[in-house]
Amino acid sequence: MIRVENVNKFFGDVHVLKDVNLTVEEGEKLVIIGPSGSGKSTLIRCMNYLEEPTSGKVYIDDVELTHKNKTEMARKCSSMVFQQFNLYPHMTVLGNLTLAPIKLQGVPKEKAIEDAYGYLERVGLRHKADAYPQNLSGGQQQRVAIARALATKQKIILFDEPTSALDPEMVQEVLDVMVELSKENITMICVTHEMGFARQVADRVIFMDGGTIIESGTPDHFFENPQNERTKSFLSKILR
Amino acid sequence: MSEIFTFDNVRFLAQGLGMTIMIALITIVLSIFFGSILAIAKNYGNKFFSKLASAYIELFRCTPNLLWILAIRFMVPIPPLASGVLSFTLFTTAVVAEIIRGGLNSIPKGQFEGAASQGFTFVQTLWYIVLPQCFMKIVPSLLSQMITIIKDTSFLWAVAIEEFTGKSMILMGQLRTGGQVLCLFAVIAGVYFLLNFTLSCVVRKRQEKSAI
């Protein structure tokens, strides 16, 4: 479904991604972990071309992403949930959910609104349809952002540290929604520090450091029996 | 008092006030339109358009307004109203472009990324997501600019365009006593003040609202 081939990314002189190769299958739940600066966010942002690789290729369903087709591919293939939510503050929750379906996908307004209520129901925020994002808590905003990602009915959802900007007591409500979501045949790629979530949901966990993928495996293998020294030391610091 | 403000004279002044408001309104509308184009060109355009927009903005920010009023009036053969609007639009566009740019620069990068991740093209992103937020933020600055325009239209008296100050000055020529002159000046000032103070109150209301 997604294939990353020999991707390198430089920010100025900084070599952020070093020859990264990765294949993600349809419906797979992939969790990417690693210390800050390891390139994990950059990698996930290359998958919808928010960052364009300096060299190497990214394919979705065997179509190569290019500067030219990135908007069209984002429209057709993937959604993203951001650390800072990035909801549209000048629109109500309902407006946030229906804008892309109506303007980009040609869904009739009534149908888009009806669908939007369905997605809000799923994240438990149907009663907030007419609220503005800035009047919601962080956890609620992120749940709206997930509903917005669902509203465009994409096969791939990219999560870029969805709980990192939240107050601790709000993390769980967002994770609950994501766990619920993982039961569907959506390809989920998630950069996160939530190890409990990774264990519960992931088909595969990859550990990145210094711009390369150090280790990859099923959650059981990964957390119980990590092979690489760097992985071991990272996990020992994070799992207490 | 009653000698100055006869029905005919009041009507005469009201026509001038109408002209003033008309010039200010058309100018601000045109300036927002052209200013948006300039701001977008300067912020997001390629090197050529960006430089071109910068050149325009700097040219009109660094030359006196009255110079353009005189130049347009004496060199472009169009009716007085059009002449006033054209000269004001020329330099107000530069000011408004900078106001809009300030608004655009205050929109977080995440808004562009959120829109891009949903598949909005750059133009769609500006239209549906960035510009609406930008204009909500800059309404107070635009209204302040409107106040400036209304006051500055009095310059047009210098080129015999009969807006409010121009009409008043014509009326002034018919007065005989110092008391009458003082009275008329007071009324002119009062009218400008009321008009602009109202706008200024709206600005303050908006600012308090957006501060919350």
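Computation of the quantities below employed the complete heavy-atom set of this structure, encompassing side-chain atoms and omitting hydrogens, waters and symmetry-equivalent molecules. Every chain is numbered from 1, with letters handed out A, B, ... down the list of sequences.
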Interface moiety of Met73(A) toward chain B, non-hydrogen atoms closer than 4.5 Å: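 For Met73(A), no heavy atom lies under 4.5 Å from chain B.
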Which atoms of Leu158(A) approach chain B - backbone, side chain, both or neither, heavy atom under 4.5 Å: neither
Distance-only check: which donor-acceptor pairs of chain B and chain A lie under 3.5 Å?
| from | atom 1 | to | atom 2 | distance (Å) |
| --- | --- | --- | --- | --- |
| Gly110(B) | O | Asn86(A) | ND2 | 3.1 |
| Gln111(B) | NE2 | Leu87(A) | O | 2.7 |
| Glu113(B) | OE1 | Arg45(A) | NH1 | 3.0 |
| Glu113(B) | OE2 | Arg45(A) | NH1 | 3.4 |
| Glu113(B) | OE2 | Arg45(A) | NH2 | 2.8 |
| Gln118(B) | OE1 | Tyr88(A) | OH | 2.8 |
| Gly119(B) | O | Arg75(A) | NE | 3.1 |
| Gly119(B) | O | Arg75(A) | NH2 | 3.0 |
| Gln124(B) | OE1 | Arg75(A) | NH2 | 3.4 |
| Tyr128(B) | O | His90(A) | NE2 | 3.0 |
| Gln133(B) | NE2 | His90(A) | ND1 | 3.4 |

Is [X] atom [atom1] crowded by more than 12 heavy atoms from other residues, nucleotides or ligands, each under 6.0 Å away?
{"X": "Phe11(A)", "atom1": "CZ", "answer": "yes"}
{"X": "Phe74(B)", "atom1": "CZ", "answer": "yes"}
{"X": "Phe10(A)", "atom1": "CZ", "answer": "yes"}
{"X": "Phe60(B)", "atom1": "CZ", "answer": "yes"}
{"X": "Met22(B)", "atom1": "CE", "answer": "no"}

Least distance between heavy atoms, Ala116(B) atom then Ala74(A) atom: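 Nearest heavy atoms, Ala116(B) then Ala74(A): O-CB, 3.5 Å.
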